[in-house]
Student: 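My structure is below; once you've seen it, I'll send some questions.
These numbers were taken from a predicted model, which means no experiment stands behind them. Every heavy atom of this structure was used, including side-chain atoms; hydrogens, water molecules and symmetry mates were not.
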Amino acid sequence: MRFSKMFIPTLREDPSDAEAVSHRLMVRAGYVRQLAAGLYIFLPLGWRVLNRINAILREEMDAIGAQEVSMPALHPAEVWQQTGRWYEIKEEMFRLKDRGGRDMCLGMTHEEIMTWLASREIRSYRELPQIWYQIQTKLRDEARPKSGILRTREFLMKDSYSFDTDEKGLEKSYNLHEEAYHRIFQRCGLKYYQVESDPGMMGGATAHEFMAPAAAGEDEIALCDSCGYAANVELAQSVPPPVQFEDWNLEDVHTPEKRTVEEVSEFLNVSPQYFIKSLLLIASDKPVLALVRGDQELHEKKMERIIGSFRPALKEEVKDILGVEAGFIGPMNQKVRIIADSSIKEGVYISGANKQDYHTKGIRPGVHFNADWHDIHVAKAGDGCPKCSAPLRIERCIEIGNIFKLGTKYSEPLKAFYLDANGHEKPIVMGSYGIGPARIAAAAIEQNNDKDGIIWPKAIAPFDVELIPLNMKDGRTVEVAEDIYKRLNESGIDVLMDDRDERAGVKFKDADLIGIPKQVVIGERNLKEGMVEIRDRRTKEAIKVKPEEVVNRLKS
RNA sequence: CGGGGCGUAGCGCAGCCCGGUUAGCGCACCUGCCUUGGGAGCAGGGGGUCGGAGGUUCAAAUCCUCUCGCCCCGACCA
């Protein structure tokens, strides 16, 4: 491809509204343009990258026996009503009516439609297993689109769905995907982790996410370097650092105007881990008192799994229900239900005295109060690994893929049943597996860039090599460039030749910005000795070779 | 949906507080000369509903009200 014939609108300056590195560079290097919040146009370079990623996805999906299909983006409401998601999902779903007044929606995912298809077509265990996939646009009315193409309202997604006769079959399909995903992300040149994830509203029991570490990511994962434990912070467990307790006697201490753990801790000169933080929550109109250690935070998602949805109590509610101001509540002599973090089961603590301006010192859990014990704290860096106790690390990541065991959550309501060998009707056991190609691209940039621009991993770069004839007015330069261009094309190497009549500096800057991993520089200086230069975008190292050797050197 | 910020030429910005020539700068763009190994130089030129609507005023990019859009933080994220 010739640069002069390709639409590559590079920008000299950073776009003002781009924060994330990948966003900034994709706009600046001419890969994407923004149409509106969360809506992006992929320009020729960007589209090439996506297609390269998609080609890898197809190869690896096909390799595990998955079959590509094409699904409508517009869905009738009925299917979504049957699984109940029409009602569960709120503003996130784009809804509309057709001319006949029928309720429709834009597909945010395709469990319903895939299962609908299976329910109509799959009759017998002989037809199973099946894996169907699509690489198509999904639409979600995101509450907050952000970080360029990382979180958009319309996005490409590789979704696959497995259909099996039983759990064992599902296990197999799940493992096939797991392995395929490893191959995919490795081929894409990403650094990533596989972590345990929250199955959430997708239902089902087991789920994993594939996470690419990057500052622009929205997720945090807990990692143990010693045993390999890896989990999304949304569900990660941890053992807070142990505490050497004092043998305090039970007594009330005067703590005037000291309400937060920090304030009381400072006032009494006792570290926060000797405190019990008491938080009053309102769950479906019933108050619940949540207790975590003073140096820990309440994990709302974990709590929600125990008591259902809740909200923090208002100041007045605290007074009404507990009879004391929020800053002085504690676990003793409570009538409300208490859920306490397991990490405070042992020890001697300070907490609110349930009377104004007083805290109680010497509280022994199990002796002075009772509670339901659960893991309700947020795992943080330095906490002990739940498996091996080594200290955990927290890393910020971009979720690039996920795999879920759905079970029969969708097959039952949509009546996707098959007949087993004994003639019994059974629900198909399903799994669903997603990968976001644009997120792979963004993660690759986040992980591979320098002050000059993008440094693409080989497999997903828009081109394999950029040819840079420095002076298009020099006959010899053009002649040699054209010759190398022809040879590269003939040998199946994707090449972009910067044939613009621009100064050398412009071409170098653009080449570095665009980030094609190899550059071949043809300049008069080296041409005098009959040589051209092959440069590595990442290391900036250059080697001189004869023009006719370029193809072979690039192939090796 | 809560909090914050920003809308002035294609891009990046100044001007706005404290109203008053013809709305300015850099880059990009067009023409010519010149130049060709890291975003050159000189000369000339084109390009603006100052996000939109209403109001205050003799006079509004500037003050007031409303509204739309975008970004960031949080909530949310099937």
Student: Just checking Asn471(A): base, sugar-phosphate only, or nothing, at a heavy-atom cut-off of under 4.0 Å?
Tutor: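 Base contact.
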Student: Counting only Watson-Crick pairs (N1-N3 plus N6-O4 or O6-N4) and G-U wobbles (N1-O2, O6-N3), all under 3.5 Å, who is the partner of C66(B)?
Tutor: G52(B)
Student: Between C30(B) and C13(B), how far apart are the two P atoms, rounded to whole Å?
Tutor: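 Straight-line distance between the two P atoms is 24 Å.
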Student: Under 4.0 Å between a side-chain N/O of Arg144(A) and OP1 or OP2 of A75(B), yes or no?
Tutor: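 False: Arg144(A) side-chain N/O out of range (4.0 Å or more) of A75(B) OP1/OP2.
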Student: Which base sits across from A9(B) as a Watson-Crick or G-U pair, both distances under 3.5 Å?
Tutor: none
Student: From C72(B), C76(B), C70(B), pick the nucleotide closest to the side chain of Ala143(A)?
Tutor: C76(B)
Student: How are the rings of His177(A) and Tyr433(A) set relative to one another: parallel (under 30°), tilted (30 to 60°) or perpendicular (over 60°)?
Tutor: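 The arrangement is parallel - the two ring planes meet at less than 30°.
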Student: Calculate, to the nearest 0.5 Å, the distance between atoms CD and OG1 belonging to Glu78(A) and Thr83(A) respectively.
Tutor: 12.0 Å
Student: Between protein and nucleotides 26-34 of chain B, map the contacts as a letter string: B base, S sugar-phosphate only, - none, heavy atoms under 4.0 Å, written 5' to 3'.
Tutor: BSS------
Student: Answer yes or no: side-chain N or O of Asn526(A) and base N or O of G37(B) forming a donor-acceptor pair under 3.5 Å.
Tutor: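 Answer yes: a donor N or O sits under 3.5 Å from an acceptor.
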Student: Glu304(A) CD to C76(B) C1': how many Å, rounded?
Tutor: 11 Å
Student: Do Lys138(A) and Phe155(A) form a cation-pi contact, if we require the NZ or CZ to be under 6.0 Å from the six-membered ring centre and within 45 degrees of the ring's axis?
Tutor: no
Student: With respect to the phosphate group of A40(B), does any side-chain polar atom (N or O) of Arg503(A) fall under 4.0 Å of OP1 or OP2?
Tutor: yes
Student: Between G37(B), C72(B), G39(B), which nucleotide gets closest to the side-chain atoms of Glu19(A)?
Tutor: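 Closest of the options to the side chain of Glu19(A): C72(B).
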Student: Are Trp132(A) and Phe163(A) close enough that their ring centers fall under 6.0 Å?
Tutor: yes
Student: Classify the ring geometry between Phe185(A) and Phe210(A) as parallel (under 30°), tilted (30 to 60°) or perpendicular (over 60°).
Tutor: tilted
Student: Both distances under 3.5 Å, Watson-Crick or G-U wobble: report the partner of G37(B), or none.
Tutor: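 When the pairing criteria are applied, nothing turns out to pair with G37(B), so the answer is none.
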Student: Under 4.0 angstrom, heavy atoms only, what part of the nucleic acid is Ala18(A) near: base, sugar-phosphate, or nothing?
Tutor: nothing
Student: State whether Ser16(A) places a side-chain N or O below 4.0 Å from either non-bridging phosphate oxygen (OP1 or OP2) of C13(B).
Tutor: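 Answer is yes, contact under 4.0 Å.
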Student: Is there a donor and acceptor pair, one atom on the side chain of Asp510(A) and one on the base of G39(B), closer than 3.5 Å?
Tutor: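 Between G39(B) and Asp510(A), which were checked side chain against base, a qualifying N/O pair under 3.5 Å is present.
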